[in-house]
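Only heavy atoms go into these numbers, but all of them, side chains included; no hydrogens, no water, no symmetry mates.
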Amino acid sequence: MLILILVFTYTRNISEDFLFEKAIKQRNYQFYNVRFSYPLRFISPILSDYEPSKPISLWINLETQIDTSQSLGLYPTFLYDKQNYGVVIEPLFKIGNTEGWPYLKWHNKIAGAFSRAYFFYDRAPLTLFIGRNRLQLNLEGLLAEEDPPADLFFASYRTPHINFSFFTGQLDSRISQDSTSLYPSGKLFNRFISGHSIERRGKNYSLSFSEIAIYFTETNQPDPYFLNPFTLYHTRFLDTEEHGEHNVFWILSASYWGAKFLSQFEFLIDDWHIPDVDVWGPNKFAWIFRTYFVDLPLRGMLSGISYTGATRWVYVHRCDLLYFNNKSETMGILNDNDFDSLSIFFRKPLKGPKSWAKLTLSYKRKGEGSVRDKDYIYYMDSGRPKTFLSGIVEHRLGSGMSFDFQNRINRVLINLNFQKILNKEHREGESAFEFSAKLYVSTKIL
């Protein structure tokens with residue numbers, strides 16, 4: 001059975017593979033663990049060839065998805081970059097039977113919103129921005145460029161060996177469906193996010209600790225405790241009696257560069273109940289391990305292997321306002337829980353400095369848990385449920401081909417993906433075959 005899938009996803013303006021390949025070959029280990037994409041200087045300092053020829057530029061980015069119904073996305077990106085400061089403005093428009101943010105349509109025809117709109121200041125050692133943006137954190141298990149944007153204030157302080165970053169802002173507001181002793185259901189609450197991260201960098205390694213909190217308050221105003229870059233968010237409940245609720249993640253991350261490889265890991269702690277999991281519920285962890293190799297298996301090629309996963313109930317909470325999502329989409333590249341996935345890729349350069357073909361093979365196991373589930377406490381009456389690969393496990397065998405053609409002002413990206421699914425939607429013995437294709441075109445017109 002052939003099924004064509006529609007998934008409109010935001011495409012990065014520069015390939016992550018290209019960044020890591022360049023980092024290994026140039027033996028430049030200065031990555032920022034908290035970063036954003038515009039201007040390109042904020043992705044990583046290894047982009048030494050980033051030289052804005054004009055202070056003003058405008059890119060037109062167009063995406064289309066091959067599907068049973070057509071979809072089309074357009075997001076022009078305006079950049080004003082004056083060495084130490086600038087402005088980025090990026091509206092996003094979608095037509096067709098699209099999913100995900102933005103999902104509200106004008107006259108049921110076109111969906112639109114601002115994907116980016118911010119002012120930045122960048123003069124070593126300080127970087128600031130205020131406005132709407134897409135943040136990336138470490139290996140992007142919690143914050144990724146493809147996430148719906150958030151309205152934020154961001155600051156980072158960088159030295160040759162230490163990076164410290166802080167951000168705070170507001171996510172989408174929501175009417176609570178859950179009731180607690182303090183907060184009745186049916187009330188509209190503002191939802192806020194704060195995070196801070198410290199990174200230690202050596203000659204060929206980096207280590208970092210990050211903490212992110214999603215919270216709301218009785219007053220619907222930001223909590224000053226979470227506006228402080230130097231407090232530990234997890235201990236908020238010990239500081240005073242709660243006049244709000246919060247959901248905190250800790251993230252441990254590390255990277256190590258060898259002569260021809262780069263290894264990275266990220267370990268996410270949603271809940272770690274010490275000492276008694278029978279009283280407080282199961283531990284909730286997620287992880288990303290990956291390694292890139294240059295000149296393997298052949299000279300000039302880039303290859304990689306990754307293993308990712310998450311236990312059940314990661315990203316969820318007993319209170320629906322504190323699910324780790326924004327604008328109804330789970331944040332981060334994992335986007336899921338109760339799963340693990342193994343993938344390998346091989347990338348071969350084509351004619352041109354940034355053009356390549358890439359083959360990806362993957363295998364994913366998915367339990368019955370979901371990021372839309374209620375928290376563990378709602379399942380306690382039925383006995384202690386399995387916390388990893390629960391129920392009937394769905395298996396996905398995938399392969400994909402990508403072709404990326406780039407020069408200084410143009411980019412064309414073609415993605416073809418195939419998946420064989422066993423126990424589809426956790427129905428024993430049911431199988432399916434899925435195919436999706438995507439075309440992305442970007443050109444600089446100013």
With sequence neighbours left out, the residues meeting salt bridge (charged side-chain N to carboxylate O under 4.0 Å, His left out) with Asp172 are Arg174, Arg191

May I ask you to check whether Phe435 and Phe418 place their ring centers less than 6.0 Å from one another? yes

Kindly determine whether Ser306 and Ser343 satisfy side chain to side chain donor-acceptor pair (under 3.5 Å), including the steps that lead there. CA-CA 5 Å; Ser306 69; Ser343 68; 2.8 Å; yes

Mark yes when over 12 heavy atoms from residues, nucleotides or ligands other than Arg372 sit less than 6.0 Å from its CZ; otherwise mark no. no

Tyr225 six-ring centre to Arg236 NZ/CZ under 6.0 Å and within 45° of normal: yes

Quick one: which of Tyr38, Phe129, Phe78 gives a ring pair (Phe, Tyr, Trp, His ring centres under 6.0 Å) with Tyr118? Phe129

CG/Leu416 to OG/Ser399 distance, rounded to the nearest 0.5 angstrom? 9.5 Å

Residues forming a side chain to side chain donor-acceptor pair (under 3.5 Å) with Tyr363, sequence neighbours excluded: His395

Excluding sequence neighbours, so at least two apart, what forms side chain to side chain donor-acceptor pair (under 3.5 Å) with Ser263? Thr291

With sequence neighbours excluded, residues passing salt bridge (charged side-chain N to carboxylate O under 4.0 Å, His left out) with Glu21: Lys25, Arg347

Does Gln221 have any side chain to side chain donor-acceptor pair (under 3.5 Å) partners at least two apart in sequence or in another chain, and if so, which? none

Sequence-distant partners of Lys420, side-chain contact (heavy atoms from CB on, under 4.5 Å), two or more places apart: Leu397, Leu422, Ser431

Name all residues meeting the salt bridge (charged side-chain N to carboxylate O under 4.0 Å, His left out) criterion together with Asp122; count only those two or more places apart in sequence or in a different chain, and write none if there are none. Arg41, Arg158

Test side-chain hydrogen bond (donor to acceptor under 3.5 Å, both in side chains) applied to Lys364 and Thr308, Asp340, Asp336, the passing residue: Asp336

Between Ser197 and Ser210, do the side chains contain a donor N or O and an acceptor N or O under 3.5 Å apart? yes

Sole residue of Phe249, Trp287, Phe285 in ring pair (Phe, Tyr, Trp, His ring centres under 6.0 Å) with Phe267: Phe285

Short side-chain donor-acceptor distance under 3.5 Å, Asn325 and Tyr315: no

Of the options Tyr215, Phe216, Phe192, which is the one that meets Phe226 in a ring pair (Phe, Tyr, Trp, His ring centres under 6.0 Å)? Tyr215

Show, in sequence, the C-alpha distance, side-chain angles and deciding distance for Lys187 and Glu218, and conclude whether the salt bridge (Lys or Arg N to Asp or Glu O under 4.0 Å) test is met. CA-CA 10 Å; Lys187 178 181 177 180; Glu218 187 178 22; over 6 Å; no

Above 12 or not: heavy atoms from other molecules or residues under 6.0 Å from OH of Tyr157? no

Are Trp250 and Phe209 close enough that their ring centers fall under 6.0 Å? yes

Mind checking the CZ-CG spacing from Phe166 to Asn228? Nearest 0.5 Å is all I need. 7.5 Å

Quick one: do Asp147 and Arg134 satisfy salt bridge (Lys or Arg N to Asp or Glu O under 4.0 Å)? Show the steps, please. CA-CA 7 Å; Asp147 295 339; Arg134 302 171 181 263; over 6 Å; no

In chain order, what residues pass the salt bridge (charged side-chain N to carboxylate O under 4.0 Å, His left out) check against Asp17, with sequence neighbours excluded? Lys358

Any salt bridge between Lys386 and Glu368, counting N to O under 4.0 Å? no

Under a plain distance cut-off of 3.5 Å, with no hydrogens placed, do Asn33 and Ser206 share a side-chain donor-acceptor pair? no

Sequence neighbours left out, what passes side chain to side chain donor-acceptor pair (under 3.5 Å) with Asn337? Give chain and number order. none

Check for me whether the distance between the ring centres of Phe120 and Phe42 falls short of 6.0 Å. yes

For Tyr440, what residues pass the ring pair (Phe, Tyr, Trp, His ring centres under 6.0 Å) criterion, not counting sequence neighbours? none

Test item: His246 side-chain N/O and Ala213 main-chain N/O as donor-acceptor pair under 3.5 Å: no

Do Phe154 and Val34 have side-chain heavy atoms sitting under 4.5 Å apart? yes

Can you name the residues that form a ring pair (Phe, Tyr, Trp, His ring centres under 6.0 Å) with Tyr292, not counting sequence neighbours? Phe20, Phe345

Using a strict 4.0 Å threshold on nitrogen-to-oxygen distance, state whether Arg318 and Asp375 make a salt bridge. no

Using 0.5 Å steps for rounding, measure from the OG1 atom of Thr11 to the CG atom of Leu413. 6.0 Å

List the residues meeting side-chain contact (heavy atoms from CB on, under 4.5 Å) with Pro148, not counting sequence neighbours, and say none if there are none. Trp101, Asn326, Lys327, Glu329

Asn410 and Thr443: CA distance, side-chain angles, deciding distance, side chain to side chain donor-acceptor pair (under 3.5 Å) verdict: CA-CA 4 Å; Asn410 299 302; Thr443 186; 2.7 Å; yes

Show the numbers, then the answer: is there a salt bridge (Lys or Arg N to Asp or Glu O under 4.0 Å) between Arg427 and Glu394? CA-CA 8 Å; Arg427 294 191 289 262; Glu394 180 185 83; over 6 Å; no

Decide yes or no on side-chain contact (heavy atoms from CB on, under 4.5 Å) for Asn138 and Ser208, but give the supporting numbers first. CA-CA 8 Å; Asn138 296 321; Ser208 72; 3.2 Å; yes

Quick one: does Leu79's side chain get under 4.5 Å of Pro39's, heavy atoms only? yes

Check the side chains of Asn190 and Ser173 for a donor-acceptor pair under 3.5 angstrom, ignoring hydrogens and angles. yes

Asp338 vs Ser390, test: side chain to side chain donor-acceptor pair (under 3.5 Å). Steps then yes/no. CA-CA 7 Å; Asp338 198 11; Ser390 61; 2.6 Å; yes

Does a donor on one side chain and an acceptor on the other come within less than 3.5 Å for Asn61 and Thr77? yes

As an exercise, state the distance from CG of Leu19 to CZ of Arg35, rounded to the nearest 0.5 Å. 8.5 Å

Could you measure the distance from the CG atom of Leu62 to the OG atom of Ser442? Nearest 0.5 Å is fine. 9.5 Å

In this structure, which one of Asn247, Leu137, Leu268, Val248 forms a side-chain contact (heavy atoms from CB on, under 4.5 Å) with Ile212? Leu137

Over 12 foreign heavy atoms within 6.0 Å of CZ, Phe189: yes

Could you walk me through whether Ser253 and Glu199 pass side chain to side chain donor-acceptor pair (under 3.5 Å), step by step? CA-CA 9 Å; Ser253 184; Glu199 178 186 29; over 6 Å; no

